[in-house]
Amino acid sequence: IYVPNAFTPDGSGLNEVFLPVMDGFDEDDYALYIFNRWGEIVFESHNRSVGWDGTYSQLDERVQDGVFIWKIIVGLKDSGDTKIFVGHVSLLK
């Protein structure tokens, strides 16, 4: 698993989406959550090819620059085990 620690959704065409890179995991058993500093979910995806573009998904508005917490829950491809990964990402414009 590789998870970037920063991205820049500023319209430049470079590094616009926060999207972890993973191998060896079940594509049908995947969840990505992004939380703000108050613990609110600002983005949720259950598709490994859909990343976060820096918008608050419920309001369809851009969030402010800052540090956000991510949580990935994913099943292992060769077993029934589930792994949980947690970290942070900086959003810079």
Chemist: Do Val89 and Asn5 have side-chain heavy atoms sitting under 4.5 Å apart?
Modeler: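 Counting from C-beta outward, Val89 and Asn5 never come under 4.5 Å.
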
Chemist: Got more than 12 heavy atoms from elsewhere within 6.0 Å of CD, Glu40?
Modeler: yes

Chemist: Between Thr8 and Asp10, is any pair of side-chain heavy atoms under 4.5 Å apart?
Modeler: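 A side-chain contact under 4.5 Å exists here.
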
Chemist: List the steps, then state whether side chain to side chain contact (heavy atoms under 4.5 Å, CB included) holds for Lys93 with Arg62.
Modeler: CA-CA 10 Å; Lys93 294 181 197 168; Arg62 291 237 176 247; 3.9 Å; yes

Chemist: Any side-chain heavy atom of Ile34 within less than 4.5 Å of one from Ile69?
Modeler: no

Chemist: Determine the minimum heavy-atom distance between Pro20 and Leu32, stating which atoms define it.
Modeler: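 Scanning both residues completely, I find the closest heavy atoms to be CD-CD2, 4.3 Å.
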
Chemist: Just to verify, what does Ser79 make a side chain to side chain donor-acceptor pair (under 3.5 Å) with, not counting sequence neighbours?
Modeler: none

Chemist: Between Ser45 and Asn47, does any side-chain donor sit less than 3.5 Å from a side-chain acceptor?
Modeler: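 Checked: Ser45/Asn47 side chains show no N/O donor-acceptor pair below 3.5 Å.
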
Chemist: For the backbone of Gly11 and the side chain of Glu16, can you confirm whether one donor and one acceptor N or O come within less than 3.5 Å of each other?
Modeler: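 It does hold such a pair.
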
Chemist: Can you check whether Ile72 reaches Tyr30 side chain to side chain, under 4.5 Å on heavy atoms?
Modeler: yes

Chemist: Which heavy-atom pair separates Asp26 from Val74 by the least distance, and what is that distance?
Modeler: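 For Asp26 and Val74, the tightest heavy-atom pair comes out as O-CG2, 4.1 Å.
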
Chemist: Return the minimal non-hydrogen interatomic distance between Leu92 and Pro9, and the atom names on each side.
Modeler: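 Scanning both residues, the minimum pair turns out to be O-CD, 3.7 Å.
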
Chemist: Please state whether the rings of Phe85 and Phe25 are parallel, tilted or perpendicular, taking 30° and 60° as the class boundaries.
Modeler: perpendicular

Chemist: Shortest non-hydrogen contact from Phe18 to Pro4?
Modeler: CE1-O, 3.3 Å

Chemist: Rounded to the nearest 0.5 Å, what separates atom CG in Asp29 from atom NZ in Lys77?
Modeler: 12.5 Å

Chemist: Determine whether the aromatic ring centres of Trp52 and Phe68 lie less than 6.0 Å apart.
Modeler: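 Here the rings of Phe68 and Trp52 have centres that are less than 6.0 Å from each other.
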
Chemist: Tell me if a side-chain donor or acceptor on Arg48 pairs with a main-chain N or O of Met22 at a distance below 3.5 Å.
Modeler: yes

Chemist: Would you please test Lys71 and Ile73 for side chain to side chain contact (heavy atoms under 4.5 Å, CB included) and show each step?
Modeler: CA-CA 7 Å; Lys71 181 177 185 178; Ile73 304 171; 4.0 Å; yes

Chemist: What pair of heavy atoms forms the shortest contact from Phe7 to Asp53, and how long is it?
Modeler: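 In terms of heavy atoms, the two residues are closest at CE1-C, 4.2 Å.
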
Chemist: Looking at His88, I want to see if its NE2 is surrounded by more than 12 non-hydrogen atoms of other residues, nucleotides or ligands under 6.0 Å.
Modeler: no

